J.: 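I'd like to ask some things about the structure below.
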Amino acid sequence: MLDKKYNHLEVEKEQYEIWKESGYFKSGRNSGKPFCIVIPPPNVTGKLHLGHAWDTSIQDIMIRYKRMQGFDALWVPGMDHAGIATQAKVDKKLREDGMDPRSMSREEWLKYAWAWKEEYALNIHDQWAKLGLSLDYDKERFTLDEGLSKAVRTVFVKLYEEGLIYRGERMINWDPMAKTALSNEEVIYKDVEGAFYHIKYPFVDSDLYLDVATTRPETMFGDTAVAVNPNDDRYKDYIGRKVLLPLVNREIPIIGDEHADPDKGTGCVKITPCHDPNDYEVGLRHNLEKIVVINPDGTMNENALYYEGLDRFEAREKLVKELNEKGYLLKTEKIVHSVGHSERTDVLVEPYLSKQWFVKMRPLADKVLENQKNKDTKVKFLPSRYEKIMNHWMEITYDWCISRQLWWGHQIPAWYKDDQIYVGIDAPKEEGWVQDEDVLDTWFSSALWPFSTLGWPEETEDYQKYYPTSVLVTGYDIIPFWVNRMTFQGLHFTHQRPFEYCYIHGLIRDKMGRKMSKSLGNGVDPMDVISEYGADALRYYLTTSTAPGTDLRYDEDKVRAAWNFINKIWNASRFVLMNISDLQEEKFENLSISDQWILTRLEKTIKDVTKYMDKYEFQNVNTILYKFIWEDFCDQYIEMAKFSLESITTKSVLKKVLTDILKMLHPFMPFVTEEIFKNLSKTPLIISEYPKYDKNLLFVEGEAKCNALIEFVRIFRNRKAELQIGKEYRIYISKPNDYSLIRKLLKWEDKETEEKLSLNYTVVEYQDYQVYLYNEHKETLEDQEKKLKTIDSLKKSILKRENLLKNQNFIEKAPENLVNEEKRKLSEEKEMLKKYEEE
RNA sequence: GGGCGUUUAGCUCAGUUGGUUAGAGCAUCUGCCUUACAAGCAGAGGGUCUGCGGUUCGAGUCCGUAAACGCCCACCA
């Protein structure tokens, strides 16, 4: 029997281990069709946040639902090595422990990194358990483990052989803190305060000068030209002449190039081919000299004169001062402009000329765009609008820089010897080959996740059975990094979509609608929420509070409301269990109208819930379940059942309804439902069968009768409250024999009078029900007002309906049942109005 | 500059092929410790569904348009 009070800590304590040890999470137990989800692998850098809790709860609901329906459900767990992020954290830890990570050998450093990984993996496992995720741990993968590494090398080699991976010197985004190249997706543009510095570039052969405006004066040491637009009348005659670079005193040419925009700045722009992507292009067109002035760590190099060794920002500050003192600074305009930051380290990204590996994107992206035109083979997004986001990316994407100057990751399978290069899955056998030091972008391996985790490139049983996967669940912020890349790699290497559906959810925000972030300190640890309210409450709250694809404002009040709902279920279950303990065999004979009513409602609920579960619209599932459980089952049926608790039929109905409620709730709140279910069945709920809609259990007539009864009781109570009649009151019932249930519901069985009295009374009626309610008080003024208000609204409604029914278009075009319904409603309202007016 | 989203009760949000007098949670008001639950029960109040125009017998829902807020992408000397 259940404890008197619902205690989430107690309920959730041991259940996870029991499920896990019993093998219920394992795939292959059911003989039905495969249903497979691969978890978006969390980074091994740290703790899971609320976003993970949301994302994984959605998946667990899908998996548990399908499992209960008999599908062979497989949910693949795993983690991501998260190159830059993890390396930064490991380095930080080593420094804190007094070690210098950069003076270690690669091998030594990797030992520490793997130890870190093991520690954090345990932490994540613990959190998954707390959340109740039914992951098949037999299939767990890590992006750096052997099988996945082989998949990575296979893909690299194949793309290289196909000419879709190449190595070359390009302008890339450089992270001076992590000292690695980045892809475009890893650059986040943020508005920062800066300034337009107007610098005087004197002509070599006259006293005149050009006013050159720049936001990055420190790069001037690398200037090898000043560009003006050839159509700009102000400057076009200067083309071909030379100016003197201030301080450096190097002569640089004035060139004409379309890149210079007459409407921007002063119309003349300094050209620094090594430190700006556009300038690089200009440099190529005009065959300009390339001078690097910034080191990979963000300090100035020997080309920056006596600024050598200074950090780029410090150099800027001092340089501006010097320019000013020497009369070269014409003016400084404060501006706010957007500047690229590294997604991981948050430092300003430096455009940098460097030799890197790239994936040639155009052919791969085109393949996706082509496939998305085919309804049968495309990735279907939920909500569908996110397909456009992916397609747009596919249209504009350019080559993906995949090499990273890190140690934590898949080392690039390329070996060099003199001028030769060898690219292969394994190292060349001969002596003297040296492997490329760089590793691959983390997302390179993540892109293979849906098939590499299932054993690809081997044709494993899992791969054949579960691929392509059924659904991928992730937030819209990950579409460019991950969804897109999985889609093109999947299509290229497996010749099909990696997942049939892509379910996109939003981001979690704080109550004010701000992103949760460390700097704001508004983050919420899901583990804290779980200890306070339980995983069931958190999961239920997260997954039923918004429509798919929209952001969620975290609101603790709503978690509390979820807890209250669970508490309600707990108590209702306790009531049912208390009363069915002696039930031997379920019998459904002589069903009362309330039995028929709740059974009918149950079937309708099963039908609707199943419909929305199949569409993964959990908010809609909630609306239906919540109403059915709280209002129909608890407030109505249980109250009515209290008058026939000795009946085997009542007990049977209570048990059946509770059983199906628990089953439908299980995917959302697995712990508490399993705990209660132990008292109903020997089969664990997690592997029991999901309810199936049975139209033979619909009792239309009984349902209608009971609806009328409930409505009448509601009207009666309303009336009683309006008249401010307390416990002591008397009534007269015209047809006493039919009213036993009502008498009990209203708890006035002993106060019924034998006949109509001549006291003040109010007739309360609805359909067949008519009761005289005696009240000693005269109707107050307030009552009169209320009555007038009711009459008024009735009149309005009648008028509206009459107009509607006068409209020939409506009569002809609207469905017949709707027209009849209107007619019925109209006559009903007219009758009601008549009665009110007679009173 | 291109695209997308949001705008519904005091607050947070549902409302998915257009169809009763638009819903929920929280908050508010009234009355109840009724033996599953006072974290509860029984009632009540509260919305010209952002504005304007259109389609339709009928619009919160479809179309057009304007505004506010937010997001993504691109650019930014």
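None of these values were measured; they are calculated from a predicted model. Proteins come first, then strands; the chains are lettered A, B, ... in the order of their sequence lines, and each starts at number 1.
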J.: Charged N to carboxylate O under 4.0 angstrom, A/Glu258 versus A/Arg285?
T.: no
J.: Quick check on B/rC37: is either OP1 or OP2 less than 4.0 Å from any side-chain nitrogen or oxygen of A/Ser573?
T.: no
J.: Within the pair A/Arg560 and B/rU12, is there a side-chain N or O less than 4.0 Å away from OP1 or OP2?
T.: no
J.: At 4.0 Å (heavy atoms only), tell me whether A/Lys627 reaches a base, stays on the sugar-phosphate, or touches nothing.
T.: nothing
J.: Toward the 5' end of RNA chain B, which comes first, A/Lys511 or A/Ile389, by nearest nucleotide?
T.: A/Lys511
J.: With a non-hydrogen cut-off below 4.0 angstrom, is A/Ile479 in contact with a base, only sugar-phosphate, or nothing?
T.: nothing
J.: When the C1' atoms of B/rU48 and B/rA22 are considered, how many whole Å apart are they?
T.: 13 Å
J.: Any side-chain N or O of A/Asn278 below 4.0 angstrom from OP1/OP2 of B/rC76?
T.: yes
J.: Under 4.0 Å, heavy atoms only, any strand: does A/Ser338 hit a base, just the sugar-phosphate, or nothing?
T.: base
J.: Which nucleotide wins on minimum distance to the side chain of A/His392, given the candidates B/rC73, B/rC37, B/rA14?
T.: B/rC73
J.: Could you check whether A/Asp555 gets within reach of a base, just the sugar-phosphate, or nothing at all, counting any heavy atom under 4.0 Å?
T.: nothing
J.: Output one letter per nucleotide in nucleotides 15-21 of chain B: B when a protein non-hydrogen atom lies under 4.0 Å from the base, S when only the sugar-phosphate is that close, - when neither is.
T.: -B--BBB
J.: So which nucleotide from B/rC4, B/rA36, B/rA14 ends up closest to the side chain of A/Lys388?
T.: B/rC4
J.: Could you tell me how far B/rC49 sits from B/rU61 if I compare only their C1' atoms? Round to whole Å.
T.: 10 Å
J.: Using a 4.0 Å heavy-atom cut-off, does A/Ala561 contact any base of the nucleic acid, only the sugar-phosphate backbone, or nothing at all?
T.: sugar-phosphate
J.: Taking atom CZ of A/Phe810 as the centre, does the number of heavy atoms from other residues, nucleotides or ligands within less than 6.0 Å exceed 12?
T.: yes
J.: Would you say the rings of A/Phe618 and A/Phe668 are close, in the sense that their centroids are separated by under 6.0 Å?
T.: yes
J.: Students often get this wrong, so: under 4.0 angstrom with heavy atoms, is A/Trp570 touching a base, only sugar-phosphate, or nothing?
T.: nothing
J.: Which is true for A/Phe565 with a 4.0 Å heavy-atom rule: it touches a base, it touches only sugar-phosphate, or it touches nothing?
T.: nothing
J.: Would you classify A/Thr550 as touching base, sugar-phosphate or nothing, given that sugar-phosphate means primed atoms plus P, OP1 and OP2, and contacts are heavy atoms under 4.0 Å?
T.: sugar-phosphate
J.: Just how far, in rounded Å, is P of B/rG40 from CG of A/Asn571?
T.: 10 Å
J.: Check this for me, if you would: do A/Glu802 and A/Lys806 make a salt bridge, where the nitrogen-to-carboxylate-oxygen distance has to be below 4.0 angstrom?
T.: no
J.: When you get a sec, tell me which of B/rA14, B/rG40, B/rC76 is the closest nucleotide to the side chain of A/Lys264?
T.: B/rC76
J.: Answer yes or no: is there an ion pair linking A/Glu10 with A/Lys5, defined by an N-O contact shorter than 4.0 Å?
T.: no
J.: Wobble G-U and Watson-Crick pairs count when both distances are under 3.5 Å; given that, what is the 5' to 3' dot-bracket string of RNA chain B, with | for pairing to other strands?
T.: (((((((..((((.....[...)))).(((((.......))))).....(((((..]....))))))))))))....
J.: Please state the C1' separation for the pair B/rG25 and B/rU21 - nearest whole angstrom.
T.: 23 Å
J.: Does the side chain of A/Trp630 get closer than 4.0 angstrom to OP1 or OP2 of B/rA39 through an N or O atom?
T.: no
J.: Determine the contact category for A/Lys611: base if any of its heavy atoms lies under 4.0 Å from a base atom, sugar-phosphate if only primed atoms, P, OP1 or OP2 are that close, otherwise nothing.
T.: nothing
J.: Are A/Asp536 and A/Arg539 ion-paired here, with the side-chain N under 4.0 Å from a carboxylate O?
T.: no
J.: Do the numbers put A/Lys568 on top of the ring of A/Phe633, so that NZ or CZ is under 6.0 Å from the six-membered ring centre and no more than 45° off the axis?
T.: no
J.: Which part of the nucleic acid does A/Tyr6 contact within heavy-atom distance under 4.0 Å: base, sugar-phosphate only, or nothing?
T.: nothing
J.: Cut-off 3.5 Å, side chains only: do A/Asp551 and A/Tyr476 have a donor facing an acceptor?
T.: yes
J.: Are any of A/Arg553's side-chain N or O atoms less than 4.0 Å away from OP1 or OP2 of B/rU12?
T.: yes
J.: Measure from the side-chain heavy atoms of A/Tyr189 and tell me the nearest of B/rA36, B/rC76, B/rG25.
T.: B/rC76
J.: Closest-nucleotide mapping onto RNA chain B: is A/Val269 or A/Glu185 further toward the 5' terminus? I mean the 5' end.
T.: A/Glu185
J.: Of the listed nucleotides (B/rA36, B/rC57, B/rC26), which one gets closest to any side-chain atom of A/Asn809?
T.: B/rC57
